[in-house]
Trainee: 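Please find one structure pasted underneath; my questions will follow.
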Amino acid sequence: VAFAPSQYYSPIHESISSASRQSILSKRIITVFGTESSGSTFLATTLGIASGAFPPNGTYVTLKNDRYNNPGRTIVERVVARSARSPDGDIEIQHLSLPWGYW
């Protein structure tokens with residue numbers, strides 16, 4: 001009796017194939033960029049709240065230790081500084097702030 005390769009059961013094959021179906025990338029990425037004082041932070045935060053990627057009351061962020069001996073402290077970030085991702089991972093908002101001026 002000959003078996004087709006799809007009829008064999010392998011737990012390793014199952015874990016690899018199920019892991020390959022999960023993506024580390026979001027299904028939808030929205031990138032907002034603009035120069036200083038152009039409203040890009042406001043737009044990124046508004047899109048983040050509207051899409052559910054950023055909580056309306058902000059999110060807690062722990063800062064790293066710095067060279068002035070300030071220990072890492074936790075603050076509330078009220079705007080999308082760099083990126084925000086929805087809890088289910090479907091939507092990611094990216095914010096890129098560009099310098100003002102001609103280069």
Trainee: Test your reading of the model: is there a side-chain donor-acceptor pair from S86 to the backbone of I91, 3.5 Å cut-off?
Mentor: yes
Trainee: Checking side-chain contact (heavy atoms from CB on, under 4.5 Å) for the pair V80/T41: CA distance, chi angles, key distance, verdict?
Mentor: CA-CA 7 Å; V80 176; T41 303; over 6 Å; no
Trainee: Would you say that T31 contacts L96 through its side chain, given a criterion of any heavy-atom pair below 4.5 Å between the two side chains?
Mentor: yes
Trainee: Show your reasoning for whether side-chain hydrogen bond (donor to acceptor under 3.5 Å, both in side chains) applies to H95 and S83.
Mentor: CA-CA 6 Å; H95 176 236; S83 67; over 6 Å; no
Trainee: P87 and G52: which non-hydrogen atoms are nearest, and at how many Å?
Mentor: CD-O, 3.6 Å
Trainee: Within the distance-only criterion (no hydrogens, no angle test), does the side chain of T45 pair as donor or acceptor with the backbone N or O of F42 below 3.5 angstrom?
Mentor: no
Trainee: Can you find a heavy atom in the side chain of F54 that is under 4.5 Å from one in the side chain of I93?
Mentor: no
Trainee: Find the distance between OG (S26) and CD (Q94) and round it off to the nearest 0.5 Å.
Mentor: 8.0 Å
Trainee: Mind listing the closest non-hydrogen atom pair of V76 and N57 along with its distance?
Mentor: CG1-O, 3.8 Å
Trainee: Could you state the interatomic distance from CD1 (I29) to CG (D90), rounded to the nearest 0.5 Å?
Mentor: 11.5 Å
Trainee: Which heavy atom of T35 sits nearest a heavy atom of S40, and at what distance?
Mentor: O-OG, 4.4 Å
